2 protein chains.
Amino acid sequence: MRTPDRPTIADVAATAGVGTGTVSRVLNGGVNVRESTRLKVLEVIKRLGYRPSHLAAALSRGSARTVAILVPHLTRPSTVARLAGALAVLDEQRYDTIVCNVDTREQRDHHLAALTARHRADGVIVVSIYLDKQHLEAFHRGAIPLVTVDAVAAGVPQTIIDDMAGGRLATAHLLELGHRRIGFVGDAIPRGEPDLGFTSSRRRLLGYRRELAAAGIDPDPELVRLGPHGPAVAAELADQLLRLPDPPTAIFAASDTQAMGVLSAAERRGFPVPGKLSVVGFDDIESAALLNLSTVRQPLEHSGGEGARRLCALLHGAKVRPIRQQLPLRIVRRSSSARPGLDLPGGGPSHLFAADASRMPDERGRSRSHAFRRVSDIRLGGQNACRMEWVA
Amino acid sequence: MRTPDRPTIADVAATAGVGTGTVSRVLNGGVNVRESTRLKVLEVIKRLGYRPSHLAAALSRGSARTVAILVPHLTRPSTVARLAGALAVLDEQRYDTIVCNVDTREQRDHHLAALTARHRADGVIVVSIYLDKQHLEAFHRGAIPLVTVDAVAAGVPQTIIDDMAGGRLATAHLLELGHRRIGFVGDAIPRGEPDLGFTSSRRRLLGYRRELAAAGIDPDPELVRLGPHGPAVAAELADQLLRLPDPPTAIFAASDTQAMGVLSAAERRGFPVPGKLSVVGFDDIESAALLNLSTVRQPLEHSGGEGARRLCALLHGAKVRPIRQQLPLRIVRRSSSARPGLDLPGGGPSHLFAADASRMPDERGRSRSHAFRRVSDIRLGGQNACRMEWVA
DNA sequence: GTGAAAGCGCTAACAC
DNA sequence: GTGTTAGCGCTTTCAC
């Protein structure tokens, strides 16, 4: 056994000359306790530096109010937006959240096994990760409350978008502008390095094809380029497209991150955007607004929040309806897409960063309109600075 | 009491016809258990769908192997990089991590109170948040293992950078290029909305001033503009600078995010970068490489990892040295900064995205050089696509 | 090797 | 109002 170090509730009770039940009552709400007793107990707690054990309380109470959230590639802007949305809700609902970041299949399986084999969390949120039969079966057997976000899973409450429709949306937007040769840059699983089961890029590609077909355009396999996710790879893929004898006049990228790579390639190859090349992304991450990237917006933060909310409902014993919650998509038209053949002599100014910055979203998607006023020349670090007051 | 629902170790023991101790041994390592017994117990566990309670085990064992990490503004790229770094280490050390995101002082104090008032986590990592005497005292009283990352705190193991030196580095870089009128865009606390105690922008400003002074340049208060963190505000502040009768030829932004706002403003005002305006940021987030932003690189992910490592050491009962761990800084020269007066007739191509994309970092800062090879025209979604194989 | 039993630190009935 | 006590579900001696 360990050395008895930290004071326990019994120590407090003894010192205060009361029973442990009373101390417990003081700790939780303090109802049915005489004020003088309460004060005395509180005083002893402070004096002894007593800190109740969450572990013991949770065990005794029968619930830890802890959930786990499994996210892939934490550093991706879309992932972190979803995570933030979930955390906000869970925080408000007073749940602690264990975050499991996953970059490989091994990590995924490791965390999934840990979460299902033992009772670690009251419930689990799985984000953008494909769960196979085995995984689902494990959750089912353990009767572990589970929801997914951005991932379909049979019988599991899920918050998703229609990626196929999104692909059509983006493509339709470009078709509408008059483009006929439209390229696609998206994800492919690197050889021998199977991914986490992301399927969104593939479904967006499907939408792209459907929409082209609907417009009576013959699909040109040359115009579809797939590679591992990331801006650098996307740039290379786009570069391949731009080097084609008959390059596309527009490129639809499966994510904003990849669209940024496409923009990069366009700049390098001397394809002014949108003059000579239109670009459309997907997600509407914060940088998209900054770069004036036309894109298909999906409610990222909201999706995380909804997943969390639905898990909470599940934990309350409520039925969650509908099982498959589909969030809306919409095209956001910015200046990276325009009619083809707009190429101005001299190239014209790049569209990048060209919009009214005062309408860009700042922290957490809140869009602000700004007004600044010089308040004073304040002293900062021993010297003067011009301090601007921000007025909402 | 609750209804006895989930099977317990006692159920398993009874069903298997063994004692609970044996089941426990099977669960943990399985030493000193006859193979036949082990197998039988395992079989019963599976049959009953028994899942050991982490809570009970942790309580009995005396440790939950759980740490908490407090981060501000989770969605900021620099924050998420630090978090990812910490999670990677904690994961490897087999700690579960409770993530607390904090956007306001109230949230900060709420989480800090929760973490110190009760024994929830074995240790705490505080990232980029200023802890005042009260906070520190609470940790001290509770003898709660604590480390900070990107935040100074008396007597607490901390992993930091020298922001002042970083400010000098950026400024020196611009001075070296020949700039004399250098603007600064950084953070100021919005009125009546005190922040989380970020101090880095202020210290970078200090470095900027020191370096200017060392170069014998009179500080011009007009050239220093402060406002709430974010690209939109930074764009507005930069715009104010560019509208000055005698605008700066270079701007140092206190973060890459703000530098992106500065780039945006430059584009709008028709200040080609770096022809008419040089821009230097701070952090070297992923987008910085993509945008060819010159910047002061700090090891973000590594800082989180180091914080985690040091907390683990603390939890092992080891002494952590040095208390103040300072990580290196270096200037990264990209094409957003150049000699002043390089403005080409016609504006010239924007520097943005102009670099060799194949040297951009992809996932998690790994820098890759690329080689693609067309592998095959594979079938995807019922149609052909050109699949590229990526060769390292 | 294995079972019995004593905790781990708390909550919640229950009696007074 | 308050003290007592029986668990919560596990780990870990300690005999056998």
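Per chain, numbering begins at 1; letters A, B, ... match sequence-line order. This one's a predicted model, so the numbers in the text were calculated from it and none came from an experiment.
Projected onto DNA chain C by closest heavy-atom contact, B:N32 and A:R51 fall at different nucleotides, the more 5' of which corresponds to B:N32.
Counting only heavy atoms from C-beta on, B:V33 has its side chain closest to C:dT2 among C:dT2, C:dT11, D:dT12. Closest to the side chain of B:I9, from the set D:dC10, D:dT2, C:dC10, is D:dC10. Closest to the side chain of B:A56, from the set D:dC10, C:dT2, C:dC10, is D:dC10.
Remark: B:S53 is not in phosphate contact with D:dC8, judged by side-chain N or O atoms under 4.0 Å from OP1 or OP2. Note on B:T22: every side-chain N or O is 4.0 Å or more away from OP1 and OP2 of C:dT2. Taking only side-chain nitrogens and oxygens, B:S60 never comes nearer than 4.0 Å to OP1 or OP2 of D:dC10.
If you measure from atom CG of A:L27 to atom C1' of C:dC10, you get 9 Å, rounded to the nearest angstrom. Summarising the geometry, the separation between CG on B:L59 and C1' on D:dG7 is reported as 13 Å, rounded to the nearest angstrom. Nucleotide D:dC10 holds its P atom 14 Å from the CZ atom of A:R120, rounded to whole Å. Atom CZ of B:R65 is separated from atom P of D:dC10 by 20 Å (rounded to the nearest Å). Atom CZ of B:R118 is separated from atom C1' of C:dC10 by 10 Å (rounded to the nearest Å). Atom CG of A:D11 is separated from atom C1' of C:dC10 by 13 Å (rounded to the nearest Å). The interatomic distance linking A:N28 (CG) with C:dG9 (P) rounds to 17 Å, in whole Å. Atom pair A:H119:NE2 and D:dC10:P shows a separation of 10 Å (rounding to whole Å applied).
Under 3.5 Å, the side chain of B:R25 and the base of C:dG3 form at least one donor-acceptor pair of N or O atoms. Checked by distance alone, B:R61 brings no side-chain donor or acceptor within 3.5 Å of a matching partner on the base of D:dG9. For a distance-only test at 3.5 Å, the side chain of B:T37 fails to qualify as a donor-acceptor partner of the base of C:dG1.
Residues passing the side-chain hydrogen bond (donor to acceptor under 3.5 Å, both in side chains) test with B:R47 are B:E43, sequence neighbours excluded. Listed by chain and residue number, B:E306 satisfy the salt bridge (charged side-chain N to carboxylate O under 4.0 Å, His left out) test with B:R309 (two or more places apart in sequence, or in another chain).
Counting only distance, with no hydrogens or angles, the side chain of B:S36 and the backbone of B:R34 share no donor-acceptor pair below 3.5 Å.
Between A:S53 and A:A56, the shortest heavy-atom contact is OG-N, 3.0 Å. Between B:T159 and B:G307, the closest heavy-atom pair is OG1-N, 4.0 Å.
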**OP:** Please step through side-chain hydrogen bond (donor to acceptor under 3.5 Å, both in side chains) for the pair A:N101 and A:H73, ending with a clear verdict.
**Re:** CA-CA 7 Å; A:N101 181 24; A:H73 308 304; over 6 Å; no
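Using a 4.0 Å heavy-atom distance criterion, B:V23 is classed as making no nucleic acid contact. In this structure, A:G29 reaches neither bases nor backbone, as no heavy-atom distance under 4.0 Å exists between it and the strands shown. Counting any heavy atom pair closer than 4.0 Å across all strands shown, A:T8 reaches sugar-phosphate atoms only and no base atom. No engagement by A:G30 is indicated, since no non-hydrogen atom pair under 4.0 Å with the nucleic acid exists.
Judged purely by distance below 3.5 Å, without hydrogens or angles, the side chains of B:T148 and B:Q158 never pair a donor atom with an acceptor atom.
Salt bridge annotation for A:D122-A:R65: absent, with no cationic side-chain nitrogen under 4.0 angstrom from a carboxylate oxygen.
The C1' atoms of five pairs define one axis at each end of the helix from C:dG1-D:dC16 to C:dC16-D:dG1, and these two axes lie 30° apart (to 10°).
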